[in-house]
Participant: 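This is the structure I want to talk about, given as structure tokens.
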Amino acid sequence: MLKLDLTIGEMLEILETEAVGVPARTLKRKVNLCMDSRESAKGVVFWPIKGARFDAHQFVSQMEKDGALMSVVNQTAIDPNFKMYAPVEDTTKALLKLAKGYQRLFKLKKVAITGSNGKTTTKEMTKAVLSMKYNTHATKGNFNNHIGVPMTLFQLKHSHEAAVVEMGTSGPDEIRPLSLATEPDIAVITNIGASHLERLGDLDGVFNEKINITAGLKENGTLIVNADDERLCKVKATKHYKVVTFGVRRGVVKPEKLKWTENLCADFYVGRTHFVLNVPGDHNLYDALAAIAVGQALRIPKGDIAKALAGFTSTSMRMEIKNANGFKVISDCYNANPSSTKMALQTLGNMRVEGKRIAVLGDMLELGKESGNLHKQIGALVPEMNFDMLLAVGKDAKKYVEGAKSRGMKNVQYFETVPEVISMLGEVVAEGDILLVKGSRGMHMEQVVEALLHMV
Ligand code: ATP
Ligand code: MG
């Protein structure tokens with residue numbers, strides 16, 4: 001349940017609908033929003049959502065009986081048993097409509113972040129940076145879709161001075177309504193990569209989707225993009241917004257005198273300010289540069305930005321360096337697609353290793369008809385990045401093997417399931433080795449990491 005600082009009457013005004021069967025005194029009550037019929041119904045406004053497999057409208061009557069004040073329901077789902085409700089065309093769209101009306105009640109700077117990779121990392125880094133000066137709210141975890149974005153906005157408090165909102169997409173025209181509801185002052189696109197190709201088609205399709213983050217951008221807003229990206233570098237300012245670029249090779253916010261620490265964290269200058277990150281790899285550098293650009297746009301002193309980033313450590317399962325018994329494990333099991341896997345391989349390829357470099361790669365899921373090819377390309381990259389061994393697990397993982405072998409790699413093994421690869425680890429891992437464990441969320445590669453950490 002979410003307590004909104006809004007009465008039911010005000011909610012109905014924003015939704016442009018009228019309640020049926022709801023007593024006038026109820027309209028003066030504050031909204032306690034509930035979307036989950038398993039939660040207590042007492043005093044809530046029940047908000048059923050119709051999903052692909054499941055329609056929560058079936059619980060409206062029960063929630064009423066259990067004490068819900070009313071429900072907001074799809075017009076087409078109205079049942080003679082419903083006693084207290086307000087009809088809308090579509091409760092999913094109405095949620096964003098309410099969120100838009102709600103966020104307008106708060107005076108604060110809003111930053112929207114999208115991109116194929118690094119949204120959550122950039123969001124967390126940006127939150128750390130903005131928190132140096134502002135009381136900053138941000139998306140919790142990865143709640144970045146048509147439900148997560150309104151939830152993030154409903155969590156706003158009048159004490160908040162800034163908000164960072166992550167926006168994800170899995171198909172065409174999903175980002176636009178999120179941006180229109182949020183009305184950000186600043187929008188960030190981290191990169192354009194091969195993710196969700198099943199529904200977005202190709203990289204141009206991904207670009208066309210992500211650029212819609214500008215749809216709700218405020219007049220005179222700022223769009224921050226990665227200038228090292230072949231599509232984003234061509235984005236031009238319009239009458240409506242200006243463009244600020246970041247990048248390692250190109251961009252307004254660009255690292256100078258770049259060096260890498262022993263743990264492969266970036267050490268660099270932007271202007272006269274010295275930055276040292278505490279998270280490894282190129283990809284974290286990119287995410288930090290985006291956060292620096294946001295910080296500068298919102299007038300955070302550069303010294304404070306550097307301090308915030310120095311204190312930033314990785315969020316769980318994203319390129320976490322773990323010391324096991326005599327060897328190191330880089331756990332990057334949170335998710336995987338071709339660009340993030342390539343980045344991770346590169347990061348490890350550049351690290352100093354005493355023993356063997358071992359890649360344990362699970363399937364990258366949801367890649368559509370190009371999936372086989374993309375797995376093969378990543379497989380080919382494994383020997384190129386100086387790995388000594390590849391353990392591939394899953395279905396399309398067979399293609400990793402094919403790719404690696406096509407580049408002459410010999411030490412390659414294929415497993416159908418995670419338990420199979422786990423049962424082999426004892427035979428292959430030795431002192432001084434370093435292992436990269438990565439795969440899509442659905443592959444649960446963190447089980448491999450757990451097994452490695454418990455090896456004696
Ligand atoms: P999701 O789509 O699941 O929300 P996300 O875009 O929020 O993902 P993160 O969770 O920040 O991305 O990072 C996911 C993976 O992407 C990490 O494993 C990391 O290795 C990689 N990654 C992070 N930043 C970048 C980047 N700038 N470029 C490429 N890969 C990146
Ligand atoms: Mg995310």
Side-chain angles (χ1 to χ4, degrees), residues 112-128 138-145 148-149 152 164-171 174-175 178 188-197 199-200 203 206 209-210 213 224-230 232 246-249 251 253 255 264-266 277 279-293 312-321 330-349 359 361-362 364-367 378 381 436-443 445-446 449:
I113 297 182
T114 194
S116 297
N117 294 294
K119 294 181 289 298
T120 299
T121 312
T122 305
K123 182 255 300 177
E124 291 295 334
M125 287 181 174
T126 303
K127 182 185 181 191
T139 300
K140 305 255 185 279
N142 203 33
F143 290 108
N144 63 16
N145 66 5
V149 169
T152 303
V164 190
V165 185
E166 175 172 340
M167 297 184 183
T169 175
S170 54
E174 290 182 10
I175 296 277
L178 305 182
V188 180
I189 310 180
T190 59
N191 47 45
I192 302 298
S195 55
H196 301 290
L197 292 186
R199 293 180 56 213
L200 292 171
L203 288 176
V206 178
E209 171 63 10
K210 304 284 181 197
I213 196 157
I224 296 176
V225 292
N226 178 346
D228 288 342
D229 183 284
E230 110 188 54
L232 291 173
F246 67 90
V248 176
R249 293 189 296 276
V253 179
L264 280 186
C265 298
L277 303 184
V279 279
D282 265 15
H283 59 290
N284 277 311
L285 171 57
Y286 275 101
D287 300 344
L289 293 171
I292 294 170
F312 181 87
T313 48
S314 73
T315 31
S316 172
M317 293 198 274
R318 293 177 180 89
M319 292 298 278
E320 277 181 295
I321 304 183
I330 310 273
S331 162
D332 199 15
C333 306
Y334 176 70
N335 223 339
N337 57 38
S339 26
S340 71
T341 309
K342 187 175 165 193
M343 283 279 188
L345 288 169
Q346 273 169 353
T347 302
L348 230 78
L361 300 182
M364 303 178 287
L365 304 172
E366 293 176 46
L367 288 176
I378 292 293
L381 213 67
L436 169 70
V437 186
K438 185 159 174 78
S440 274
R441 194 77 285 279
M443 293 300 294
M445 298 297 285
E446 64 276 11
V449 175

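Read the numbers this way: they start at 1 and go in the same order the structure lists the ligands and their atoms.
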Participant: I'd like to know if Arg441 contacts ligand 1, where contact means a heavy-atom distance under 4.0 Å to any ligand atom.
Facilitator: no
Participant: Only heavy atoms of Lys438, strictly under 4.0 Å: list the atoms of ligand 1 that pass.
Facilitator: 18 (O)
Participant: Considering the heavy atoms of Ser116, write down every atom of ligand 1 situated less than 4.0 Å from one of them.
Facilitator: 6 (O)
Participant: Within the stated cut-off of 2.8 Å, is an N/O/S atom of Thr120 closer than that to the Mg ion (ligand 2)?
Facilitator: yes
Participant: Tell me, which protein residue and heavy-atom name are nearest atom 4 (O) of ligand 1, and how many Å apart are they?
Facilitator: Asn142 OD1, 2.8 Å
Participant: Taking Asn226 as the fixed residue, which of Leu232, Ile192, Ile189 is the one that meets the side-chain contact (heavy atoms from CB on, under 4.5 Å) rule?
Facilitator: Leu232
Participant: Which ligand 1 atoms does Thr121 reach within 4.0 Å, using its non-hydrogen atoms?
Facilitator: 9 (P), 11 (O), 13 (O)
Participant: Got a second to check how far Met319's CE is from Thr121's OG1, nearest 0.5 Å?
Facilitator: 10.5 Å
Participant: Would Glu166 and Lys140 count as a salt bridge (Lys or Arg N to Asp or Glu O under 4.0 Å) here? Give the steps.
Facilitator: CA-CA 9 Å; Glu166 175 172 340; Lys140 305 255 185 279; over 6 Å; no
Participant: Applying a heavy-atom cut-off of 4.0 Å, say which part of Asp282 lies close to ligand 1: side chain, backbone, both or neither.
Facilitator: neither
Participant: By atom name, which N, O or S atom of Glu166 is the nearest to the Mg ion (ligand 2)?
Facilitator: OE2
Participant: Quick one: does Thr190 get within less than 4.0 Å of ligand 1, heavy atoms only?
Facilitator: no
Participant: Can you tell me if Asn142 has an N, O or S atom under 2.8 Å away from the Mg ion (ligand 2)?
Facilitator: yes
Participant: For Glu166, counting its heavy atoms only, list the atoms of ligand 1 lying under 4.0 Å from any of them.
Facilitator: 4 (O), 7 (O)
Participant: Closer than 4.0 Å to some heavy atom of Asn191 - which atoms of ligand 1 meet that?
Facilitator: 26 (C), 27 (N), 28 (N)
Participant: Regarding atom 22 (N) of ligand 1: of the candidates Lys342, Met343, His283, which has the closest heavy atom?
Facilitator: His283
Participant: If the cut-off is 4.0 Å to any non-hydrogen atom of Met319, which atoms of ligand 1 fall inside it?
Facilitator: 20 (O)
Participant: Arg199 and Glu174: salt bridge (Lys or Arg N to Asp or Glu O under 4.0 Å), yes or no, with the steps?
Facilitator: CA-CA 11 Å; Arg199 293 180 56 213; Glu174 290 182 10; 3.5 Å; yes
Participant: Checking the N or O distance criterion of under 3.5 Å, is ligand 1 in contact with Thr120?
Facilitator: yes
